[in-house]
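One structure is given here, and the rest of the page talks about it.
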Amino acid sequence: MKKIQAIRGMNDILPEGSPTWQFLESRFSAVVKRFGYREIRFPILEQTQLFKRSIGEVTDIVEKEMYSFDDRNGDNLSLRPEGTAGCVRAADQHGLLYHQQQRLWYQGPMFRHERPQRGRYRQFHQFGVEAFGMSGPDIDAELIQISATVWQELGLLEFVKLELNNIGSAHDRCAYGRALTAFLEAHESELDADARRRMHSNPMRVLDSKSAAVQSVLADAPALSDFVSQDSCDRFEVLEQILQSVGINYVIKPNLVRGLDYYNNCVFEWTTEQLGAQSAVCGGGRYDGLAEQLGGRPTAAAGFAMGVERLVLMLETLERVPESYRRPVDAYVLTNGEGLFSLALRLAEEIRALCPGRGIVTHCGGGKYNSQIKRAFSAGARFAVVLETAGEDSPVSAKIRNLAGAGETSSAELSTIPAEVARLLEA
Ligand code: AMP
């Protein structure tokens, strides 16, 4: 019978790979906790309408990439393609937004039906941070500082670059959209079908076009920067000043618009040269209109999301995962002789009590001493603790064998073994 395989673009994370994920998860959650952010969890499935209204009907994500289906009640649902919409929905539904400030974070799988390649998958994971109720550039700076701290903690800061842009207020963007539509109408014959369709419904998405012909038309298009109001420029300048004073380097990227419609004013992306085509590792910005667009009250908001798989690739390529995460087993307790298993179990438990966070395995499955030692080696243990007895009535003795070094063995009183193992593991 043909074996069933995983869905294309949806990865299994095997035990070999999971330490990198655990390292990332623990560093990310520690950093956001230090900044006073609290975790929020919300469903992977939502009403399709939620994403249409937030990300935008005329975007690649909504038009081409969502996993949508009718459930048994006939409701149209979608697997979430990103986290912000669900986070705003949940926070608003539970009354967390009105007249309040919230600092929230989340993590989990997202789904987009894109063409899979290195760094681009159909199920991928994000760490995200969302801040509500703060309208100034101070919170934008805080978000950028959090992301910079995450890179620092992961040892990746020197491999990423911050790109910033000011895309103006909702009002500025409307005015720009009208000017862009007029320009595109004048060049309609040079556009492809996609651009022609979008030039009325969502002209700014034409800017994302992958067609070289469309891009050459766009070379003479009006520039968004000419439509950005003084107010928006002023707040962006304050953001720049804060970033400079805290020593965060950035470059201004005038064509950085982001593929989701809900952004306004400051948007940013962290990119790397380590990953080839899929260079973006984190994207974010302000989205002050989103809560209202979803039926809530107007709420100042800003956030970012990091792509976990891309960070995993970077950490693996650059070998940044500490040894302690990569070693699942530190000591392996085995027996050489009959009737010693329960004693081994108790001894392992005593070692665990003295060595929190270490992996202590008790050999199961029997077998001769040599085959047990082989298991200890293949488990990657640093030390084997061997319980043995010369005969049925003889006293039990114990020794510790160093599996990593020259293989030296030391014997010790049974009662001193746990403390001795703890000392060796800390050395
Ligand atoms: P976005 O929600 O599109 O702004 O994406 C935020 C981050 O998620 C990006 O910077 C990427 O690191 C990551 N990301 C987006 N789409 C994918 C994908 N299909 N596969 C892997 N990572 C992705």
Side-chain angles (χ1 to χ4, degrees), residues 6-14 16-32 44 55 60-61 65 79-84 105-130 143-165 208 210 248-251 253 256-260 263 267-285 303-322 325-326:
I7 298 167
R8 196 163 115 81
M10 304 211 179
N11 300 318
D12 299 309
I13 298 150
L14 302 178
E16 282 288 291
S18 58
T20 312
W21 286 70
Q22 288 160 358
F23 171 59
L24 255 175
E25 284 160 3
S26 70
R27 290 299 150 96
F28 180 82
S29 58
V31 169
V32 288
I44 287 167
I55 297 166
D60 279 352
I61 295 179
E65 296 169 3
L79 288 169
R80 61 185 187 192
E82 57 102 56
T84 302
W105 71 273
Y106 61 83
Q107 65 172 327
M110 309 294 160
F111 302 84
R112 294 183 196 173
H113 196 276
E114 296 189 85
R115 202 166 44 78
Q117 55 178 263
R118 185 176 141 88
R120 189 162 77 191
Y121 310 102
R122 291 181 173 171
Q123 174 178 283
F124 63 99
H125 295 72
Q126 288 184 339
F127 294 133
V129 160
E130 315 290 357
L143 291 170
I144 290 171
Q145 192 188 22
I146 294 174
S147 47
T149 309
V150 173
W151 311 137
Q152 178 83 49
E153 291 277 316
L154 296 174
L156 298 179
L157 190 57
E158 62 189 294
F159 302 98
V160 290
K161 194 174 77 182
L162 174 62
E163 298 176 349
L164 279 186
N165 194 21
D208 305 336
K210 309 231 162 36
I248 295 178
N249 298 324
Y250 59 89
V251 290
K253 259 294 196 60
L256 175 65
V257 288
R258 317 261 309 114
L260 304 90
Y263 286 109
V267 293
F268 63 92
E269 225 162 62
W270 288 89
T271 61
T272 181
E273 286 172 5
Q274 301 285 314
L275 295 175
Q278 305 309 315
S279 61
V281 288
C282 173
F304 68 72
M306 293 178 172
V308 180
E309 279 78 359
R310 294 186 190 172
L311 298 177
V312 165
L313 283 171
M314 283 183 81
L315 289 169
E316 283 172 354
T317 318
L318 298 163
E319 298 182 0
R320 284 293 192 273
V321 183
Y325 280 85
R326 283 185 280 121

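What's counted below: heavy atoms across the whole structure, side chains too, no hydrogens, waters or symmetry copies.
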Close side-chain approach of [X] and [Y], heavy atoms under 4.5 Å:
X      : Y      : value
Trp151 : Met306 : yes
His125 : Gln107 : no
Pro109 : Arg80  : yes
Trp21  : Leu311 : no
Thr271 : Lys253 : no
Phe23  : Leu154 : yes
Asn249 : Leu162 : no

Shortest non-hydrogen contact from [X] to [Y]?
X      : Y      : answer
Tyr263 : Gly283 : OH-O, 4.5 Å
Asp12  : Ala6   : OD2-CB, 4.2 Å
Ser26  : Ser29  : O-OG, 3.3 Å
Leu143 : Gly303 : CD1-N, 3.6 Å
Ala277 : Gln117 : CB-OE1, 4.0 Å
Pro19  : Val321 : O-CG1, 4.3 Å

Measuring from [X]:[atom1] to [Y]:[atom2], what's the distance to the nearest 0.5 Å?
X      : Y      : atom1 : atom2 : value
Ile248 : Phe268 : CD1   : CZ    : 10.0 Å
Leu157 : Trp270 : CG    : CH2   : 6.0 Å
Ser18  : Glu25  : OG    : CD    : 9.5 Å
Met110 : Glu309 : CE    : CD    : 10.5 Å
Arg112 : Tyr121 : CZ    : OH    : 14.5 Å
Met314 : Gln274 : CE    : CD    : 5.0 Å

Do the side chain of Arg118 and the main chain of Leu275 share a donor and acceptor less than 3.5 angstrom apart?
no
So, Arg326 side chain and Thr20 main chain: donor-acceptor pair closer than 3.5 Å or not?
no
Does the plane of the ring in Phe127 sit parallel, tilted or perpendicular to the ring in Phe28? Use 30° and 60° as the thresholds.
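It falls in the parallel class, under 30°.
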Between Glu158 and Arg320, is there a salt bridge with N-O shorter than 4.0 Å?
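Yes, charged N to carboxylate O under 4.0 Å.
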Under the side chain to side chain contact (heavy atoms under 4.5 Å, CB included) rule, what do Arg122 and Ile7 come out as? Steps first, then yes or no, please.
CA-CA 9 Å; Arg122 291 181 173 171; Ile7 298 167; 5.7 Å; no
Could you walk me through whether Tyr106 and Glu130 pass the side chain to side chain contact (heavy atoms under 4.5 Å, CB included) test, one step at a time?
CA-CA 9 Å; Tyr106 61 83; Glu130 315 290 357; 3.3 Å; yes
After noting the C-alpha distance and the side-chain angles of Phe304 and Ile144, does the key distance pass the side chain to side chain contact (heavy atoms under 4.5 Å, CB included) rule?
CA-CA 9 Å; Phe304 68 72; Ile144 290 171; over 6 Å; no
Out of the candidates Thr272, Leu313, Leu156, Val308, only one should pair with Val281 under the side chain to side chain contact (heavy atoms under 4.5 Å, CB included) rule; please name it.
Thr272
Please determine whether side chain to side chain contact (heavy atoms under 4.5 Å, CB included) holds for the pair Ile13 and Val312, giving the CA-CA distance in whole Å, both sets of side-chain angles, and the decisive distance to 0.1 Å.
CA-CA 11 Å; Ile13 298 150; Val312 165; over 6 Å; no
Take Gln126 and Glu82 through the test side chain to side chain donor-acceptor pair (under 3.5 Å) and record every step on the way to the result.
CA-CA 8 Å; Gln126 288 184 339; Glu82 57 102 56; over 6 Å; no
